[in-house]
Each structure stands twice: as C-alpha cells, then as structure tokens.
Amino acid sequence: MTIDETALSGLRSTLAADDYRMAVAEAGDTVEVTITAGPAACDDCLVPKPIMRNILHAALGVPEDAIVLVYPADVS
Amino acid sequence: MFEAMIDPTGGPAAASAGPRLAARPARLDGLVVGLVANPKKNAEPFLDAVGELLAAEHGTADVVRTRKTSITDPIPQATLDELVQRCDVVLIGVGDCGSCSAAAVADGIAFEAAGVPAAVICSDAFRVSADAMARVQGSPGYTYVTTPHPVAPLDADGVRDRARTALPELVGLLTEVPVPAAVSG
C-alpha cells in the first residue's frame, strides 16, 4: 500500500480551512489517519466519520473498513 | 464519540446512478422561496440578500425563513415537511465549514427527494466534504453553488456582493435541471 499525497492534498486543504491537520500512516493492511485540531478549529466543523471515511476511501483507494480514523475527541 | 453525536448520513452508502432531482419551474415569479440557514455567521444575511434579489429581479412572492440550530445535523423532519408544504423552491446555506457544507448538501438532497427544487451554497474550500456527502447520500455529482471561502468574516456589503455574484447560478439551479458535476473517487 502506498499513500498518494497528491490524492490527499484536496482533503488537507479542506481540513486546513477549518484549522485541522491530518497525519496518515500505513500499518500493515490498514491506514491510520489522525486528525488534530489547531487553536482556531471549531469542534463541530469536522465532518462525521462516515463522511471522512468516504473521502479517504476515494482518495486512497483502500476499503473504508481498513481506515483507522482518530478524531481529536477520541484522544482528549 | 463523533459517530454517535453527528451522523447525518442516514446510514451506509446507497447505490445510485446520480442525483434525484425535483421537477423545475420554468420561472420564479410568484413563487415562495424557503431560506434554510445554518448557524454559521453570515448564513442568514447571505440568504436574505439572495431572497431580496430574487424578489426584486425575478418576482418571487415571499420567503419563509428557518434557522437550523445545528451546524452538523440535517434539517429536522418536521421543519422539512413544513417547508415542503409552504415553499415552491428552497435555498440552503451557507456551507462555510466541513460539516455544515456536508449537512447543506444532505438537506438539498432531502428537499429534492421531497419534490422541492433546492439550491445549496457552499464556500469553495469545502467541495471535498460536500461532494462526499453527495456520494454517501447516493447522489454523486449533486450540483451546488460555491462562493469563495471564507464567508463568516465578511461585512454586510461583502455579503451582498457575494449574493449578487451567486444569484445567476442559483436561479439556474432552481429553474433548469442541473448537469451533474463530474464525479471523482
């Protein structure tokens, strides 16, 4: 599995507009995607996880159930 | 936590060949326009400005305003039902963040399914989330109008300018069957 940064660039721009950042890491057959919030991020502005998984599936071409998604609220 | 709090998707992705759209009126004169604003700053002034332009230049008869209380949730069913009864067309916006852009598209698709033509406004930074919601809702390529990001910091004149710029596309969406946007992903 190779992470296509070009495919992720649109999502990164969208997240940045709400002051969120994204880290993507391969882990065997899964991809771990961690979203972190900047100081100007609004808690409610991040899309629901089903939408984010759809975006990541479209960008990365990996099954949605192979995406481990970590939102800021998951680690706070 | 987020999945439990905010899931306006209505469940797993539905298969569909494309957007399901309501029949369009040929003209807007004499019609009642629903204005569905989210709680983001400048959403209501933007929609009000479009409503005023529609009345002045296209002869719409009246507006029915509603303000959602949630950025992320879809429009409540009871509110949707009321607007479907009272309105001939609806404007929805302004999607000026990731979740509210997605929710605006979900609302637009819901109105179309209920037989009311809808025009959704999102700021251009959030196409990715708006398009994803359209896919998840089974309406890939759902067409909406974009305005430059951001909208929230604009002053009153800036909001009116944006409304003026968006007006032709909004009228087009409400009166012509939109050509679905190119579907990616």
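Convention: sequence-line order gives letters A, B, ...; per-chain numbering from 1. Both backbone and side-chain heavy atoms feed into the values below; hydrogens, waters and symmetry mates do not.
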Minimal heavy-atom distance between B:Ala132 and A:Ile55, with the atoms involved, is CB-CG1, 3.2 Å

SG of B:Cys100 to CG of A:Asp18, rounded to nearest 0.5 Å, is 7.5 Å

If you tally heavy-atom pairs under 4.5 Å between each of A:Cys42, A:Ser13, A:Gly61, A:Ala17 and chain B, the highest tally belongs to A:Ala17

Discussion item. For residues A:Tyr71 and B:Val136: do they belong to one hydrophobic cluster (side chain heavy atoms under 4.5 Å, members Ile, Leu, Val, Met, Phe, Trp, Tyr)?
Written reply: yes

So NZ of B:Lys40 and SG of A:Cys45: to nearest 0.5 Å the spacing works out to 3.5 Å

Q) When clusters are formed by joining ILVMFWY residues with side-chain heavy atoms under 4.5 Å apart, either directly or through shared neighbours, do B:Val128 and A:Ile35 land in the same one? A) yes

Nearest heavy-atom contact between A:Val47 and B:Ser129 is CG1-CB, 3.5 Å

Heavy atoms of other groups near B:Arg86 CZ, more than 12 under 6.0 Å: no

Does B:Val89 belong to the same Ile/Leu/Val/Met/Phe/Trp/Tyr cluster as B:Val105, with side-chain heavy atoms less than 4.5 Å apart forming each link? no

Report whether B:Leu91 and B:Tyr144 are members of the same hydrophobic cluster (ILVMFWY, side-chain heavy atoms less than 4.5 Å apart, transitive linking).
no

Side-chain donor/acceptor of B:Thr72 to backbone N/O of A:Asp44, under 3.5 Å
no

